[in-house]
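Since the structure comes first, as structure tokens, the remarks are kept for the end.
Convention: sequence-line order gives letters A, B, ...; per-chain numbering from 1. All values below were derived from every heavy atom in this structure, side-chain atoms included, with hydrogens, water molecules and symmetry-related copies excluded.
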Amino acid sequence: MHIYIQQKLQEAVRQTFPDASLTNVVVRPCPDPRFGDYQSNAIMGIAKERKLNPRQAATDVLAHLDVTDCCETPEIAGAGFLNFRVKPEALARAIAAPLEGAPLFFQPVAKPRTIVIDFSSPNVAKPMHIGHIRSTALGDALARLNRKLGHRVITDNHIGDWGTQFGLLTVGWKSQLDRASLETDALGEMERLYKSVTAAADADPGVREAARQELVKLQSGDPTNLEIWGRMIDLSQVQFDEIYGRLGVQFDHTLGESFYNPELKRVVQELVGKGIARESQGAVCVFSEGVLNPKEDPFLVQKDGEWSPNPALIQKADGAANYATTDLATLEYRWNTWQPDDVIYVTDGRQQLHFRQLFNAWQRWHPELREGMQLHHVWFGSITGDDGKPYKTRSGETVKLAGVLDEAQERAFAVASSKNPDLPEAQRREIARVVGVGAVKYADLSPNRQSDYVFSWDKMLSLQGNTAPYLQYAYARIRSVFRKAGAEAGLNPGLIQLRHADELGLAKRLVRFGLSMEAAASEHRPNYLCLYLYELAGDFARFYESCPVLKSEGAERNTRLVLCELTGRVLKEGLNLLGIEVLEQM
RNA sequence: GCAUUCGUAGCUCAACUGGAUAGAGCUUCUGACUUCGGAUCAGAAGGUUACAGGUUCAAAUCCUGUCGAAUGCACCA
């Protein structure tokens with residue numbers, strides 16, 4: 001709907017001001033329904049460039065604009081806003097379309113892009129913790145969203161399966177492995193080994209030296225150490241898969257850091273050969289090339305009023321590469337393998353400097369791909385407790401993700417049991433699973449990703465406010481209507497008459513679904529979609545209070561059933577794009 | 001010290017990236033035919049968008065400064 005108006009408006013602007021750029025001529029929903037349904041403020045900008053009276057310019061554009069087939073006569077308001085009011089008949093046609101096979105209020109993109117999304121990235125031998133949920137939920141939602149819009153999406157779990165921690169782990173594995181607890185909880189046991197040996201190494205330099213030697217043996221291909229390392233990866237992956245199974249998250253590829261080991265030496269050589277990196281204090285580092293404004297340059301930092309080097313290490317003094325090197329090799333592999341238009345990294349905000357350096361170094365390494373492969377660091381804030389500090393258990397441990405999901409389901413089960421004690425237990429368990437996991441994910445997706453947010457069970461599982469259970473409840477109510485309506489619920493797309501204010505309000509919200517999808521995808525912010533779904537659920541609740549469905553008859557009943565059906569479809573699809581399931585009953 | 005990101009109602013968060021009178025939920029108060037699922041809805045109260053300047057027809061949003069917070073700054077990722 002807004003796209004149609006926008007195209008018409010662009011055409012009118014082109015006729016009135018042939019030299020004007022049309023990229024800013026956009027149509028947006030009105031912030032306040034009193035102004036209308038859609039607005040454009042583009043004329044004000046165009047008038048300003050030409051030093052014209054904006055209201056006069058708007059009048060001139062309107063003379064070339066004919067949208068009588070879908071809108072009332074557009075109005076000029078305020079400083080030069082154009083306001084559009086949609087005709088109910090046009091709205092009825094718009095909402096009939098998905099019932100006849102059209103996409104659900106969105107348009108697939110005209111030019112699909114190839115998008116690699118790198119997210120989740122747990123570390124081998126460490127249980128996934130609460131911090132992983134945000135990357136996982138965000139990355140999965142972005143993948144689903146972009147796929148739905150028609151892009152070619154490739155998801156890659158860049159797990160941490162290589163690095164110095166394996167020296168310590170191997171010492172622990174060889175000296176104090178508890179095979180029984182390895183059977184029951186492999187990640188827990190490996191975590192215990194790691195902590196135990198770390199403590200021992202702090203107290204005894206001999207242990208640290210032993211760890212260093214085990215690492216060297218692993219890196220030089222010692223069969224025993226390689227086997228232990230492989231076991232640790234396999235055991236970890238089993239537990240990762242269990243969590244991903246619960247979360248409903250799938251990856252196209254799981255290419256861990258070790259996958260790139262064979263390339264690292266060559267990457268370092270190439271960077272040195274091209275003068276991008278050089279030796280410094282025994283290590284090999286990337287320094288500034290000095291072309292950027294110092295403030296923008298990720299390899300410069302101000303010290304005592306002077307700009308000083310802030311290099312990125314790509315090879316340590318001991319000859320080993322590190323994560324910057326791996327990330328460069330990874331980019332090279334991704335380009336060679338998929339030729340992506342975009343690569344999206346979903347990590348916490350603490351890695352901003354690393355990615356600025358990585359992107360800069362990559363562009364110097366492969367300047368020819370500067371435009372061809374766009375790199376995005378989609379970062380997010382941390383999850384905190386009531387005190388504003390990172391969320392920890394009472395004893396100060398990091399909170400394990402499996403435990404969070406367990407508790408969410410337990411709490412949801414208690415609620416389901418108290419609200420619906422007559423349902424069989426198996427069904428209440430299933431409700432608890434869908435509600436619990438959905439609540440945890442939604443709590444991560446609905447705030448602006450860049451802000452820290454306070455973890456709260458009560459808030460995420462509440463049936464009020466912007467939560468997953470509230471949206472799932474709205475869906476369940478809709479399904480209940482159709483259970484009651486039974487076989488008489490045949491929907492007639494040709495018999496839609498929108499009259500009641502809450503019918504119109506709901507219909508207008510429905511047709512904006514695509515707008516929220518596009519905003520969420522283009523800004524990598526699923527919270528735009530969350531907000532839309534919450535507002536949709538609110539509009540539906542209002543409609544549902546004021547417009548009886550099953551007690552009405554004829555065209556009115558058909559119209560209201562259509563609105564219920566489409567609201568249900570959008571809620572289900574929208575939640576699905578967020579990786580959240582819905583229930584027929586809850 | 002420098003950099004990044006922030007500072008919005010008592011609390012937790014929004015605000016479609018420069019648009020019109022800054023919105024929700026929680027909390028408090030008042031209402032809604034024994035209810036198409038009341039796990040809901042309607043209404044009231046609550047704001048100098050940290051502070052001070054500036055740019056603009058228009059600023060929570062952009063620029064400058066001050067105060068405060070989180071995070072990061074060479075061999076962990």
Requested in this report: Select from G45(A) and R542(A) the residue whose nearest nucleotide in RNA chain B is closer to the 5' end of that strand.
Outcome: G45(A)
Report task. With RNA chain B as reference, determine whether D318(A) or R350(A) sits nearer its 5' end, using the nearest nucleotide of each. Result -> R350(A)
Determine whether the side chains of [X] and [Y] contain a donor N or O and an acceptor N or O closer than 3.5 Å.
X       : Y       : value
T325(A) : N322(A) : yes
R449(A) : N527(A) : no
S446(A) : N466(A) : no
D502(A) : S546(A) : yes

Whole-Å gap separating [atom2] ([N]) and [atom1] ([X]):
X       : N      : atom1 : atom2 : answer
Q39(A)  : A58(B) : CD    : P     : 17 Å
D422(A) : A39(B) : CG    : P     : 14 Å
R356(A) : U71(B) : CZ    : C1'   : 14 Å
Q352(A) : C73(B) : CD    : C1'   : 13 Å
E545(A) : C41(B) : CD    : C1'   : 4 Å
L168(A) : C76(B) : CG    : C1'   : 11 Å
D539(A) : C41(B) : CG    : C1'   : 13 Å
Y442(A) : G25(B) : OH    : P     : 13 Å

Query raised in the report: Among all residues two or more places apart in sequence or in another chain, which pass the side-chain hydrogen bond (donor to acceptor under 3.5 Å, both in side chains) test with H354(A)?
Result: D327(A)
**Report entry** Under the side-chain hydrogen bond (donor to acceptor under 3.5 Å, both in side chains) test, residues paired with T347(A) that sit two or more places apart
**Finding:** H377(A)
Short side-chain N/O contact to [N] OP1/OP2 from [X], under 4.0 Å:
X       : N      : answer
K484(A) : G37(B) : yes
Y323(A) : A74(B) : no
Q351(A) : G72(B) : no
Y470(A) : U40(B) : no

What interatomic distance, in whole Å, is found between [atom1] of [M] and the corresponding atom of [N]?
N      : M      : atom1 : answer
G72(B) : A77(B) : P     : 16 Å
A60(B) : U49(B) : C1'   : 5 Å
G19(B) : A39(B) : P     : 40 Å
G7(B)  : C51(B) : C1'   : 11 Å
A15(B) : U8(B)  : P     : 14 Å
C33(B) : C29(B) : C1'   : 24 Å

Query raised in the report: Taking the side chain of N310(A) as heavy atoms from C-beta outward, which of G19(B), C73(B), U5(B) is closest to it?
Result: C73(B)
Report task. Measure from the side-chain heavy atoms of N420(A) and tell me the nearest of A39(B), U5(B), C2(B). Result -> A39(B)
Query - Partner set under ring pair (Phe, Tyr, Trp, His ring centres under 6.0 Å) for F287(A), not counting sequence neighbours - result: none
Report task. Sorted by first residue and then second, give each salt bridge (charged side-chain N to carboxylate O under 4.0 Å, His left out) pair with at least one member in residues 39-61 of chain A; sequence neighbours left out. Result -> D19(A)-R50(A)
Does the pair [X]/[Y] count as a salt bridge with the N-to-O cut at 4.0 Å?
X       : Y       : result
R433(A) : E430(A) : yes
E584(A) : R479(A) : yes
K441(A) : D444(A) : no

Report summary line: The dot-bracket string of RNA chain B, counting Watson-Crick and G-U wobble pairs with both distances under 3.5 Å, using [ ] for crossing pairs and | for pairs to another strand, is (((((((..((((.....[...)))).(((((.......))))).....(((((..]....))))))))))))....
For nucleotides 12-18 of chain B, print each protein N/O atom paired with a nucleotide N/O atom at under 3.5 Å, atom names and distance only.
unit_1: U12(B); atom_1: O2'; unit_2: K459(A); atom_2: NZ; d: 2.7
unit_1: C13(B); atom_1: OP1; unit_2: V454(A); atom_2: N; d: 2.6
unit_1: A14(B); atom_1: OP1; unit_2: N448(A); atom_2: N; d: 2.5
unit_1: A14(B); atom_1: OP1; unit_2: N448(A); atom_2: O; d: 3.3
unit_1: A14(B); atom_1: OP1; unit_2: S451(A); atom_2: OG; d: 2.6
unit_1: A15(B); atom_1: OP1; unit_2: N527(A); atom_2: ND2; d: 3.1
unit_1: U17(B); atom_1: N3; unit_2: Y528(A); atom_2: OH; d: 3.3
unit_1: U17(B); atom_1: O4; unit_2: R525(A); atom_2: NE; d: 2.5
unit_1: U17(B); atom_1: O4; unit_2: R525(A); atom_2: NH2; d: 3.2
unit_1: U17(B); atom_1: O4; unit_2: Y528(A); atom_2: OH; d: 3.4

Requested in this report: Verify the stacking flag for Y473(A) against G37(B): centroid separation must be under 5.5 angstrom and the ring planes must differ by under 30 degrees.
Outcome: no
Are there any protein N/O atoms within less than 3.5 Å of an N/O atom in nucleotides 21-24 of chain B, and if so, which ones and at what distance?
unit_1: U21(B); atom_1: N3; unit_2: R34(A); atom_2: NH2; d: 2.9
unit_1: U21(B); atom_1: O4; unit_2: R34(A); atom_2: NH1; d: 2.9
unit_1: U21(B); atom_1: O4; unit_2: R34(A); atom_2: NH2; d: 3.4
unit_1: A24(B); atom_1: O2'; unit_2: Y534(A); atom_2: OH; d: 2.6

Report task. Name every residue in residues 123-139 of chain A that has at least one heavy atom under 4.0 Å from any atom of RNA chain B, in order of residue number, or write none if there are no such residues. Result -> none
Requested in this report: Identify whether the glycosidic angle of U64(B) places it syn (within 90° of 0) or anti.
Outcome: anti
So what does [X] hit on the nucleic acid, given a heavy-atom distance under 4.0 Å: a base, only sugar-phosphate, or nothing?
X       : value
C547(A) : base
T164(A) : sugar-phosphate
Q165(A) : nothing
K551(A) : sugar-phosphate

Under the salt bridge (charged side-chain N to carboxylate O under 4.0 Å, His left out) rule, collect the residues that match up with [X], sequence neighbours excluded.
X       : value
K508(A) : D37(A)
D202(A) : R208(A)
K392(A) : none
E279(A) : none

Query raised in the report: Is T326(A) side chain donor-acceptor paired with the A77(B) base, going by distance under 3.5 Å alone?
Result: no
Requested in this report: Please work out whether the ring planes of F359(A) and Y345(A) are parallel, tilted or perpendicular, with thresholds of 30° and 60°.
Outcome: tilted
Query - Y260(A) and H158(A) aromatic ring geometry - parallel, tilted or perpendicular at 30°/60° bounds - result: tilted
